[in-house]
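Heavy atoms only: backbone and side chains are in, while hydrogens, waters and symmetry mates are out. Each chain gets a letter, A, B and so on, in the order the sequences are listed, and its residues count up from 1.
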2 protein chains.
Amino acid sequence: MQSRTSHARAGRPRSAAADAAILAATRAALVELGWSKLTLQDVATRAGVAKTTLYRRWAGKNELVVDAVAELFDELRLPDRGSLAADIEGVVLQFAAILARPEARSGLMAVVAESTRDAALRERIRMSIVDRQKRLVVRGRERAQARGELPGEDDAAAAARTADLIFDVVAGAVVHRTLVSAEPADEEWVRRFTQLLLLGLGEAARTGFAGAAGERGPDGKDARGRDG
Amino acid sequence: MQSRTSHARAGRPRSAAADAAILAATRAALVELGWSKLTLQDVATRAGVAKTTLYRRWAGKNELVVDAVAELFDELRLPDRGSLAADIEGVVLQFAAILARPEARSGLMAVVAESTRDAALRERIRMSIVDRQKRLVVRGRERAQARGELPGEDDAAAAARTADLIFDVVAGAVVHRTLVSAEPADEEWVRRFTQLLLLGLGEAARTGFAGAAGERGPDGKDARGRDG
DNA sequence: GCCATTACGCTACGAGCCGTAGCGAAAGCG
DNA sequence: CGCTTTCGCTACGGCTCGTAGCGTAATGGC
């Protein structure tokens with residue numbers, strides 16, 4: 001069977017359990033040691049494998065950490081909460097929860113920094129982490145357009161550019177808040193951010209901007225869409 | 001006289017020229033080698049000083065790179081272009097120009113990553129890099145409020161939270177665009193981003209969002225303030 | 001069951017960088 | 001001229017990296 005599904009070449013197959021153990025050990029090491037003090041020898045010991053096994057599967061520290069961190073983003077979902085605002089808040093809160101974990105904080109920025117000088121690494125990050133997030137933006141936007149909350153776009157290229165822009169704004173804001181400003185992207189912050197994103201600077205400020213007093217938008221439409 | 005101005009304790013004073021040479025050498029090494037392959041021995045050789053001199057002035061690689069990169073942000077200015085939109089575009093373009101330089105790309109994210117596990121380093125980054133940027137947001141917002149483009153805010157604490165939010169959105173978006181998406185934050189992107197920030201998702205999309213056809217805001221006010 | 005093939009654990013190794021210690025010389029101050 | 005601090009230089013132990021080599025384990029083909 002294996003000969004058909006994945007052309008299993010003869011020989012001893014790689015241990016899938018070892019893969020999982022290594023990635024879990026990498027995350028544990030990231031939590032305890034952080035990026036700079038993480039060594040492959042330490043990861044190997046934690047995972048119960050030999051150091052040479054690590055080098056047979058990953059080119060180095062960068063690639064290993066990318067794969068270890070990428071698994072954290074598997075849990076990202078796009079819940080249908082009934083309105084664009086509520087959908088944004090939901091997915092942003094999930095994203096913020098992942099970035100609040102120490103293994104993501106210390107690992108993600110480090111590999112992004114490394115990727116500025118390594119095109120292959122940048123591509124690996126894009127495929128296993130970034131694109132998965134961007135897909136949520138695209139689908140959420142389509143959903144909002146189907147609801148009539150956002151106008152449709154005829155030009156496909158323009159639609160892609162817009163999705164890229166929105167993605168950079170959303171992901172960038174959460175990352176900057178969490179890692180640079182080093183303050184939590186909690187529910188109140190997400191509410192205020194969502195209002196700013198939907199209404200813009202002038203209009204959002206005019207509605208009080210507080211979230212507590214401004215859950216409903218100025219056009220009378222329920223901004224959170226709990227009951228329609 | 002120095003005994004009064006800066007209590008210059010007796011002994012040979014530190015060479016200011018060495019400081020400048022070391023920081024310049026650090027930036028040069030960042031360009032050629034990137035963060036991970038940058039060694040203090042290499043920086044010392046480039047600067048024409050001994051390695052021990054580096055350790056007498058900086059605790060390690062992290063602190064050195066923070067200071068070297070911080071100088072890049074000295075050139076940030078807040079030009080008065082006549083309108084909030086034009087001011088935002090101007091300062092964002094300056095920020096993008098700095099982030100386009102390789103010494104900023106490879107150095108900035110790396111020290112931010114390190115700062116997730118080092119509170120002292122995080123404070124150093126905040127003081128010498130982040131706060132300088134944030135001040136531009138605060139002043140630009142005050143200017144827009146004086147112009148009547150944005151409503152004033154009575155609560156000082158709420159005003160500070162709003163400034164923080166705007167700052168995270170602006171800086172985060174540019175950083176994410178430049179370093180994660182790895183695409184240039186050029187004039188067209190900045191135009192579209194500014195429109196999104198000012199008008200919000202729904203309204204900005206409704207105006208076409210393109211920039212080329214949307215240089216003027218929907219309220220008829222020239223969004224770029226070039227010739228009126 | 002036997003063999004070719006691949007993965008694995010283990011050890012050892014040179015190379016490079018880190019951060020520090022110690023020394024003599026240089027450059028300021030009074 | 002003494003005192004103090006900085007500087008250049010050398011040397012060092014300790015650590016990590018990435019690889020090589022070897023014997024063993026596990027699988028598929030025959």
Partners passing side-chain hydrogen bond (donor to acceptor under 3.5 Å, both in side chains) against [X] (at least two apart in sequence or in another chain):
{"X": "S128(B)", "answer": "none"}
{"X": "R122(A)", "answer": "none"}
{"X": "R135(A)", "answer": "none"}
{"X": "D131(A)", "answer": "R126(A)"}

Nearest listed nucleotide, side chain of R14(A), among dC7(D), dG9(C), dC8(C):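 That would be dC8(C).
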
P13(A) side chain, from C-beta outward: closest of dA12(C), dT27(D), dG19(C): dT27(D)

Short side-chain N/O contact from T53(A) to OP1 or OP2 of dG9(C), under 4.0 Å: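 Yes.
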
Residues in salt bridge (charged side-chain N to carboxylate O under 4.0 Å, His left out) contact with D168(B), at least two apart in sequence or another chain: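 So D168(B) forms no salt bridge (charged side-chain N to carboxylate O under 4.0 Å, His left out) with any residue.
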
Pairs touching residues 19-57 of chain B that satisfy ring pair (Phe, Tyr, Trp, His ring centres under 6.0 Å), sequence neighbours left out: none

Between [N] atom [atom2] and [X] atom [atom1], what is the distance in whole Å?
{"X": "I22(B)", "N": "dG8(D)", "atom1": "CD1", "atom2": "C1'", "result": "13 Å"}
{"X": "K61(B)", "N": "dG19(C)", "atom1": "NZ", "atom2": "P", "result": "9 Å"}
{"X": "D19(A)", "N": "dC8(C)", "atom1": "CG", "atom2": "C1'", "result": "13 Å"}
{"X": "R57(B)", "N": "dC7(D)", "atom1": "CZ", "atom2": "P", "result": "4 Å"}
{"X": "W58(B)", "N": "dG19(C)", "atom1": "CH2", "atom2": "P", "result": "15 Å"}
{"X": "L54(B)", "N": "dT6(D)", "atom1": "CG", "atom2": "C1'", "result": "14 Å"}
{"X": "K51(B)", "N": "dT20(C)", "atom1": "NZ", "atom2": "C1'", "result": "9 Å"}
{"X": "Y55(B)", "N": "dG19(C)", "atom1": "OH", "atom2": "P", "result": "4 Å"}

Sequence neighbours excluded - side-chain hydrogen bond (donor to acceptor under 3.5 Å, both in side chains) pairs with any residue from residues 109-119 of chain A: E114(A)-S36(B)

Residue pairs involving residues 16-31 of chain A (criterion side-chain hydrogen bond (donor to acceptor under 3.5 Å, both in side chains); sequence neighbours excluded): D19(A)-R57(A), R27(A)-E71(A)

Shortest non-hydrogen separation from V65(A) to V111(A) and the atoms involved: CG1-CG1, 3.8 Å

DNA chain D-proximal residues of residues 27-41 of chain B, any heavy atom under 4.0 Å: none

Terminal axis angle for the helix from dG1(C)-dC30(D) to dG30(C)-dC1(D), five pairs an end, nearest 10 degrees: 30°

Audit row: D67(A), R124(A), salt bridge (Lys or Arg N to Asp or Glu O under 4.0 Å) steps and yes/no: CA-CA 9 Å; D67(A) 288 3; R124(A) 195 187 191 99; 3.0 Å; yes

Position toward the 5' end of DNA chain C (nearest nucleotide), S15(A) or G60(B): S15(A)

Which protein N or O atoms sit under 3.5 Å from an N or O of nucleotides 22-26 of chain C?
{"residue": "dA26(C)", "atom": "N3", "partner": "R12(B)", "partner atom": "NH1", "Å": "3.2"}

Counterpart residues, side chain to side chain contact (heavy atoms under 4.5 Å, CB included), relative to E183(A) (two or more places apart):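 With sequence neighbours excluded, E183(A) shows a side chain to side chain contact (heavy atoms under 4.5 Å, CB included) to R177(A), given in chain and number order.
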
Nearest-0.5 Å distance, CZ of residue R101(A) to CG of residue L72(A): 5.0 Å

